[in-house]
Amino acid sequence: MTGSADLAFLEGPVLEVAPRLLGAVVRAGEVAVRLTEVEAYDGENDPGSHAFRGPTARNRVMFGPAGHLYVYFTYGMHHCCNVVCGTPGTASAVLLRAGEVVDGLEIARSRRPGVPDRDLARGPALLCRTLAITTRDDGTDLTGGHIRLDPAPPADAGVQIETGPRVGLRHAAERPWRFWIAGDPTVSRYRPAVLRDRSAARRRGTS
DNA sequence: AAACAGATCTACT
DNA sequence: GTAGATCTGTTTT
């Protein structure tokens, strides 16, 4: 539990890294979450990635080395966090979508009063809220600081994994790059990505 | 300086 | 099951 975690596996291709993060534990201070649901984002090759159009002030962390945290803010009120993977220069990352609180339960509950335990980190913004992760933590090294990541224990190596489309994307929504632990109750159950842009479809339809 | 876009969540029927 | 609130940070001019 002490010392630095071995995060070398994060340097691989994002589609291999993402499923291996299931069962891994993210610890932020007193609260720890075991990951049950993640999504892969393949940087400049992926229209769904924030890095698709190249480096900017916001996404620069993703272009750096693996094992750091990329945190972004969206919808005016939500934080979401990713684990950067791949080699420097590539901008692949894995969105942490959901997990199970495995330590610091009292503190986690106090951050989300009245919520059932299984829902404490059920969804990417909720996971960040339960771990108190904000854009202040953007770029954090995960090998052993105030926020750290520990690989899935051997017991999780054989868990059954399911895949499906990523949630909520406008582009590349069809890629089945969402991974979750089969049957786990903490996996978010939001609707799959849907087409929102009816006006564009209508414009095209009147040809 | 201004416009845009959003990898969500909650509430409501 | 679905509609809509929400409003900041980022990007572009």
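All chains are named by letter (A, B, ...) in the order of the sequence lines, taking the proteins before the strands, and each is independently numbered beginning at 1. Values below: every heavy atom of this structure, side chains too, minus hydrogens, waters and symmetry copies.
Within residues 14-26 of chain A, no residue has any heavy atom under 4.0 Å from DNA chain C.
No chain of hydrophobic side-chain contacts below 4.5 Å, direct or via other Ile, Leu, Val, Met, Phe, Trp or Tyr residues, connects L21(A) to V102(A). Linking Ile, Leu, Val, Met, Phe, Trp and Tyr residues whenever their side-chain heavy atoms come within less than 4.5 Å places L22(A) and L69(A) in a single cluster.
At least one side-chain heavy atom of W177(A) sits less than 4.5 Å from a side-chain heavy atom of D42(A). The shortest distance between side-chain heavy atoms of T130(A) and V31(A) falls below 4.5 Å.
Atoms NE2 and OG1, on H79(A) and T135(A) in that order, are 5.5 Å from each other to the nearest 0.5 Å.
As rounded to whole Å, 10 Å separates atom P of dC9(B) from atom CZ of R129(A). Atom CZ of F179(A) and atom C1' of dA7(B) are 15 Å apart (whole Å). Distance, H171(A) NE2 to dA5(B) C1': 10 Å, rounded to whole Å. Atom P of nucleotide dA7(B) and atom CG of L96(A) are separated by 16 Å, given to the nearest angstrom. For the pair L35(A) CG and dA7(B) P, the computed distance is 20 Å after rounding to whole Å. If you measure from atom CD of E174(A) to atom C1' of dA7(B), you get 14 Å, rounded to the nearest angstrom. The interatomic distance linking R166(A) (CZ) with dT8(B) (P) rounds to 11 Å, in whole Å.
Minimum atom distance to the side chain of L126(A) is reached by dT10(B), of the listed dA7(B), dT10(B), dT8(B).
A donor-acceptor pair is defined here as one N or O able to donate and one able to accept, closer than 3.5 Å; no such pair exists between the side chain of D119(A) and the backbone of P116(A). Side-chain atoms of D141(A) never come within 3.5 Å of backbone atoms of H68(A) as a donor-acceptor pair (strictly under, hydrogens ignored).
The side-chain ring of Y72(A) is not stacked on the base of dA7(B), judged by centre separation under 5.5 angstrom and plane angle under 30 degrees.
Taking the six-membered ring for Trp, Y72(A) and H50(A) have ring centres closer than 6.0 Å.
Considering V84(A), V94(A), L149(A) in turn, L149(A) is the only one that fulfils the side-chain contact (heavy atoms from CB on, under 4.5 Å) rule with L10(A).
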Detail all sub-3.5 Å separations between protein N/O atoms and N/O atoms belonging to nucleotides 8-13 of chain C.
from	atom 1	to	atom 2	distance (Å)
dT11(C)	OP1	T56(A)	OG1	2.3

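Going from the P atom of dT12(C) to that of dA7(B) covers 15 Å, rounded to whole Å.
Residue R97(A) places at least one side-chain N or O closer than 4.0 Å to OP1 or OP2 of dT8(B).
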Original post:
Does the salt bridge (Lys or Arg N to Asp or Glu O under 4.0 Å) test come out yes or no for D156(A) and R20(A), once each step is laid out?
Top reply: CA-CA 9 Å; D156(A) 275 320; R20(A) 291 188 62 186; over 6 Å; no
**OP:** Check the pair R166(A) / E39(A) against salt bridge (Lys or Arg N to Asp or Glu O under 4.0 Å), numbers first and verdict last.
**Re:** CA-CA 7 Å; R166(A) 296 177 292 184; E39(A) 282 176 0; 5.4 Å; no
Original post:
Under a cut-off of 3.5 Å for both distances of each Watson-Crick or G-U pair, what dot-bracket string does DNA chain C give, using [ ] for crossing pairs and | for inter-strand pairs?
Top reply: |||||.||||||.
